[in-house]
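Below you'll find the structure, written out as structure tokens, and then a few comments.
Convention: sequence-line order gives letters A, B, ...; per-chain numbering from 1. Quantities reported herein were computed from a predicted structural model and do not represent experimental measurements.
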Amino acid sequence: MMRNVVFMGTGPFALCALEGLWQTLGSDATLTVYTKEAKKAGRGMKEKDGCVAEFAREKGLPLYQPHTLRSEEAKADFLALEAELCVVASYGLILPKYVLDAPKYGCVCVHASLLPAYRGAAPIHRVILDGKRKTGVTLMQMDEGIDTGAMLATVETEIGETECVGELFDRLAVLGRDLLLSNLEKLENGSLIPTPQDEAGASYAAKITAEDQKLTFEEPTDQVLCRIRGLSPVPCAYCITAKDGKKMKIYSAKRAEGSFEGACGEVVAVKPEVLVKTADGAVALELIQPEGKGRMAARDAVNGRRLAVGDLLS
RNA sequence: CGCGGGGUAGAGCAGUUGGUAGCUCGUCGGGCUCAUAACCCGGAGGUCGUGUGGUUCAAGUCCCACCCCCGCAA
């Protein structure tokens, strides 16, 4: 059993793996946590720590939140830990070579995609945005590139037809945690065989931009629905309601059967469902959120005169 | 001290220049119908975020303080 492990991660996906690691290693081992520094965020711009930092504090784990790993100070700190293994999951900082080289078993990363596809920051969102039906988690030996290291183990999963990124995220976090834990021993005894990634199948899952969040009803229904599912509930797809120019987030919607008359983005019916015309049909809005208001069923928005037949969404 | 929107029946909203509250939906009861997410009739349901606060003859409506929710930006 390993006795000295460093974990580097930020956010809920990382937290899931960290919790598992903490339970598995037990109190005999030293588990040191690295996570991104607290930053001013949210309404009021108050300094806010991430969930990984909170967990580390709560459990009394040694915690490091360097602004960068490239400083001499960070380097000295890390080397002094003399870690046997470094586990990384959506950390957000690039690991310098000294980190990669120092641990006896190197640095392994839990990445939420079937590498070499969807390397990068937003693999879970992108895989749904692209309409894929299968994804997974990869455990890999890190190298100096971004998610380019040799693969050690993978687990696949089907993406549900109506599954949103929030649901998939939670499932992959658990799969990732289990993939890591079930391979710890093999990492230690060297029985995992690193498989280099095939560059031919590589793709990059870039961070989600505001542009990605913008819905376009000029697209076919399938694409509109993928965009909604792939971004819900965070950061969420949105459109602009023409009558007041305000944003309206759309958390969920489904395909509407039939053919409809109207311009793309026009509300063509509100009863019994709120239907919005797309390039090749219509989508039925389910859960939405007007700017400044809370989430509500599309039907409630109609009751409050927020949406009516003829309204234009763009 | 980042910018901005909002807190009124179970839900979503309206409430004009201050005069004790309305709409759509839901809910309960009744009716029509082969039937219904449709229609008709009727009922219940609100100390209008909090404050033994201020102004006023009178405040959901103006002023003050505080709490909470949300959008942007990070």
Any side-chain to backbone donor/acceptor pair from A:Thr24 onto A:Leu21? Under 3.5 Å, distance only.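 Judged by distance alone, no pair lies under 3.5 Å.
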Distance-only side-chain donor-acceptor flag, [X] / [Y], under 3.5 Å:
X: A:Gln197; Y: A:Asp147; answer: no
X: A:Ser113; Y: A:Thr135; answer: no
X: A:Glu286; Y: A:Tyr251; answer: no

For [X] and [N], give me the distance from atom [atom1] to atom [atom2], rounded to whole Å.
X: A:Met248; N: B:G5; atom1: CE; atom2: P; result: 21 Å
X: A:Asn303; N: B:A37; atom1: CG; atom2: C1'; result: 13 Å
X: A:Ile240; N: B:C72; atom1: CD1; atom2: P; result: 11 Å
X: A:Lys40; N: B:G2; atom1: NZ; atom2: C1'; result: 10 Å
X: A:Tyr238; N: B:C72; atom1: OH; atom2: P; result: 9 Å

| task | Check side chain to side chain donor-acceptor pair (under 3.5 Å) between A:Asp178 and all other residues, then give those that pass, not counting sequence neighbours. | result |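 Residues passing side chain to side chain donor-acceptor pair (under 3.5 Å) with A:Asp178: none at all.
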Exercise. Which part of the nucleic acid, if any, lies within contact of A:Met45, taking any heavy atom under 4.0 Å across all strands shown: a base, the sugar-phosphate backbone alone, or nothing?
Worked result: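 Base, at least one base atom sits under 4.0 Å.
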Determine the Euclidean distance between corresponding [atom1] atoms of [M] and [N]; express it in Å to zero decimal places.
N: B:U61; M: B:C48; atom1: C1'; result: 10 Å
N: B:U8; M: B:U47; atom1: C1'; result: 12 Å
N: B:A9; M: B:C28; atom1: C1'; result: 15 Å
N: B:G43; M: B:C23; atom1: P; result: 12 Å
N: B:C62; M: B:G30; atom1: C1'; result: 46 Å
N: B:C66; M: B:A21; atom1: P; result: 31 Å
N: B:G51; M: B:C67; atom1: P; result: 15 Å
N: B:C63; M: B:G71; atom1: P; result: 27 Å

- Item | Contact under 4.0 Å: A:Arg306 side-chain N or O vs B:G12 OP1/OP2 |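 No, outside the criterion.
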| Is A:Lys249 close enough and on-axis enough to A:Tyr238, meaning under 6.0 Å and within 45°, for cation-pi? |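 No, cation not above the ring by the 6.0 Å, 45° rule.
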To the nearest 0.5 Å, what is the distance between NZ on A:Lys104 and CG on A:Asn4?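 It comes to 11.5 Å.
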Now, which nucleotide makes the Watson-Crick or G-U wobble pair with [N], with each of the two distances under 3.5 Å?
N: B:G42; result: B:C28
N: B:U50; result: B:A65
N: B:G2; result: B:C72

Letter by letter from the 5' end, nucleotides 65-71 of chain B scores (B base, S sugar-phosphate only, - none; protein heavy atoms under 4.0 Å) -----BB
**Request:** Specify whether A:Tyr34 and A:Tyr64 have parallel, tilted or perpendicular ring planes, treating 30° as the upper limit for parallel and 60° as the lower limit for perpendicular.
**Result:**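 The arrangement is parallel - the two ring planes meet at less than 30°.
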